[in-house]
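Heads up: the structure comes next, in structure tokens.
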Amino acid sequence: MGLDIKIPIGLMFTILGLLLTIYGLATISDADLYQKSLGINVNIWVGLLMLVFGIFMLAISKFKKPEK
Amino acid sequence: METGFSLGWIDWTTMLIYFVFVLGIGWALKRYMKSSKAFLEAGRSLPAWVTGLAFISANLGALEVIGMAASGAKYGMATVHFYWIGAIPAMIFLAIFMMPFYYGSKARSVPEYLKLRFDEKTRGFNAFAFAIMTIFASGISMYALALLAETILPFHFTANILGYEFGPFDIYLLIGALIVLIYTYLGGLTSAIYNEVLQFFLIFIGFLPLVIIGLINIGGWEGLKENLEVVSVNNGYEPGAWLHTWKFAGDASSNPMGVGWFGILMGLGFVLSFGYWGTNFLVVQRAMAAGSMKAAQKTPLIGAIPKMFLPFLVILPGMIAIALTSNPDSGFALAPKGNSYDYDKVIPMLLGHYYPIGILGLGLTALIASFMSGMAGNVTAFNTVWTYDIYQSYLRPNQSDKHYLKVGQMATIFGVLVSILTAYVAQMFNNVMDFLQLIFAFINAPLFATFLLGMFWKRATGHAAFFGLLSGTFAAAIHHGLTQPFGETMLVKGGWLGTIAHTYPSVMAQNFWTAIYAFTATLIITIVLSLATKQKKSNEELKGLVYSLTPRIKDESKSWYDSPISLAIIVGVIAIVLSLLFW
């Protein structure tokens with residue numbers, strides 16, 4: 001198949017990772033929000049994890065024009 | 001739970017982005033769907049890591065995610081029997097011994113292999129049984145999805161359309177079904193497989209924090225152990241009953257599963273798991289979509305690696321949940337149900353308890369993703385069997401490929417529509433899940449005996465295979481009708497033949513033994529009838545279908561680590577080490 005699955009996976013995780021990391025940074029002083037997760041800012045951690053994974057997927061994917 | 005989760009804009013955005021990508025993949029693949037082979041077989045062109053992840057992800061549906069977490073709470077560590085003994089050996093066997101015949105025979109489906117190896121009636125029996133079973137499984141996934149959405153999403157609306165009161169359940173059911181329909185209709189099997197890979201990563205990243213936070217809360221592994229010892233003792237078992245896989249399997253009454261080592265080894269580890277992983281087209285189809293024989297062989301092996309570690313993602317949350325529940329200081333308790341707990345709510349309740357806004361959307365999306373992959377997997381297996389094994393074989397043979405592509409697409413729509421109906425059936429009968437598992441035992445266990453003989457004994461004949469299968473299913477029904485699990489009175493649990501010959505300590509024990517009887521009956525009847533009937537297939541016809549008549553595949557791997565055999569050995573060794581670690 002002409003579509004490399006690494007591209008949509010990479011894109012989706014990069015976008016979701018960015019979104020979550022930024023949200024985590026914006027709520028960094030919101031202790032009430034993170035009471036549920038035992039005071040850990042899980043949004044930043046999981047966001048960064050997804051971001052790294054997304055970028056890695058994009059890096060190893062082959063950007064190429066779909067075959068005719 | 002009654003009021004639903006409070007979600008923020010970011011949670012909705014996450015869900016929305018996921019849906020955009022899911023549909024986008026289907027849309028991007030649309031242009032390649034020019035033949036029935038592209039649509040129904042993914043063109044046999046996918047790399048092994050993709051089909052390998054799809055292989056386990058297609059299984060990671062509602063039954064596994066919700067069911068394994070529930071079993072983790074109910075039975076503890078022993079639930080991993082469904083993985084290390086109940087999946088890995090079968091996956092290795094499929095890869096090394098069965099895949100050469102599936103892939104090499106050029107059969108397009110499991111029923112089609114049966115036609116090539118045996119005869120038309122054996123194929124027909126299997127094709128119809130599988131088509132019905134897979135649509136049921138798809139409907140149950142959709143039912144679980146809608147039920148979950150109804151309990152956790154904070155919308156409570158109703159709309160009266162044509163005199164029918166549409167509630168949240170109906171709306172979520174239709175939305176879920178519509179999304180699955182669109183992406184499987186547009187991109188066929190490739191789209192389903194690609195989305196399964198995407199869903200696999202999403203489920204992994206979405207559930208990982210749950211396990212980590214849960215473990216921190218209970219006081220790490222040591223804390224979990226201490227609390228589970230309390231759980232074990234409270235339930236009348238030895239302190240370690242919730243913490244060991246094999247240690248208490250010597251005697252069925254000393255472990256919470258109520259199954260002894262022989263039942264586990266033969267029933268689950270051999271008959272049920274080999275029957276499921278080796279003959280269920282839902283999973284075998286993923287391996288058949290691979291680009292080469294070697295990739296097809298590697299598919300179950302690559303899938304086996306994450307599969308071995310899935311217990312830490314899906315069973316551990318259940319163990320953590322029951323440990324937290326037993327500890328009054330933890331602030332978490334499972335909802336009671338009858339004189340026990342509502343085990344099916346383990347994952348949603350933990351998500352709601354630990355996940356703040358932000359990651360909560362991710363966790364819910366992962367859950368939704370798992371249900372959708374379960375649904376899409378079944379729909380894509382259904383449309384292939386319908387098109388090739390039922391429509392092309394019995395209804396309209398010898399049409400153009402364009403015609404069969406169209407039929408495949410129509411079958412996708414039809415499959416989703418029937419799944420929706422099945423979801424409502426599931427809603428009406430609360431024990432439909434038990435019923436499905438029963439059918440699996442009735443159909444899959446005998447089928448494995450047929451395949452074993454078909455692939456390794458050239459003398460096995462078509463008549464023998466057909467009547468062997470029938471008697472296996474019959475034997476399963478009789479065994480089920482004559483036995484009953486302890487404390488159960490519902491007829492779906494057995495005992496409907498009036499007299500109870502034996503009472504099993506648990507439903508699971510009864511299931512395992514039903515499978516063992518069914519398998520043995522098929523094995524014996526097929527051997528006896530084969531010897532009594534004439535083999536109509538010539539050796540030439542059976543070439544590529546039977547072990548002794550097929551030339552060995554030359555291993556053209558460039559290095560030792562590239563070959564399926566070494567991968568199989570590595571997988572086997574890891575599974576053994578894990579089993580010993582958690583003995």
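So that the names make sense, note that chain A is the first sequence line, chain B the second, and so on, each numbered from 1.
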task = Test F13(A) against L202(B) for side chain to side chain contact (heavy atoms under 4.5 Å, CB included), laying out the working first.
result = CA-CA 9 Å; F13(A) 279 98; L202(B) 198 62; 4.0 Å; yes

Sort [X] into side chain, backbone, both or neither according to what part of it lies under 4.5 angstrom from a heavy atom of chain B.
X	result
L16(A)	side chain
I40(A)	side chain
I15(A)	side chain

task = Check whether any side-chain heavy atom of S37(A) sits under 4.5 Å from a side-chain heavy atom of Y354(B), and report yes or no.
result = no

query = Do N43(A) and I10(B) have side chains that get closer than 4.5 Å, going by heavy atoms?
reply =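 They are not in contact (no side-chain heavy atoms under 4.5 Å apart), so the answer is no.
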
Can you confirm whether [X] is buried at [atom1], in the sense that more than 12 heavy atoms of other residues, nucleotides or ligands lie under 6.0 Å from that atom?
X	atom1	answer
F19(B)	CZ	yes
W49(B)	CH2	yes
F56(A)	CZ	no
W12(B)	CH2	yes

query = Under 3.5 Å, is there a donor-acceptor pair between the side chain of Y194(B) and the main chain of D4(A)?
reply = no

message = For the backbone of Y355(B) and the side chain of K36(A), can you confirm whether one donor and one acceptor N or O come within less than 3.5 Å of each other?
response = yes

request  = Output, in order, the C-alpha distance, side-chain angles, deciding distance and verdict of side chain to side chain contact (heavy atoms under 4.5 Å, CB included) for I17(B) and L19(A).
outcome  = CA-CA 11 Å; I17(B) 292 174; L19(A) 187 72; 4.2 Å; yes

query = Taking I5(A) as the fixed residue, which of L53(B), L46(B), I25(B) is the one that meets the side chain to side chain contact (heavy atoms under 4.5 Å, CB included) rule?
reply = I25(B)

message = As a test of understanding, state which of L33(A), T27(A), D32(A) forms a side chain to side chain contact (heavy atoms under 4.5 Å, CB included) with P356(B).
response =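 Running side chain to side chain contact (heavy atoms under 4.5 Å, CB included) over L33(A), T27(A), D32(A) with P356(B) returns exactly one hit, L33(A).
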
Hey, could you give me the [atom1]/[atom2] distance between [X] and [Y], rounded to the nearest 0.5 Å?
X	Y	atom1	atom2	value
M12(A)	T14(B)	CE	OG1	9.5 Å
L38(A)	N217(B)	CG	CG	5.0 Å
I357(B)	Y34(A)	CD1	OH	9.5 Å
L3(A)	R31(B)	CG	CZ	8.0 Å

request  = Looking only at non-hydrogen atoms, find the nearest pair between I213(B) and V42(A) and report the distance.
outcome  = CD1-CG1, 3.5 Å

Most chain A-contacting option - heavy-atom pairs closer than 4.5 Å, from L362(B), V50(B), T13(B) = L362(B)

task = Just say parallel, tilted or perpendicular for the rings of F201(B) and F53(A), cut-offs at 30° and 60°.
result =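 Tilted: the ring planes of F201(B) and F53(A) meet at 30° to 60°.
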
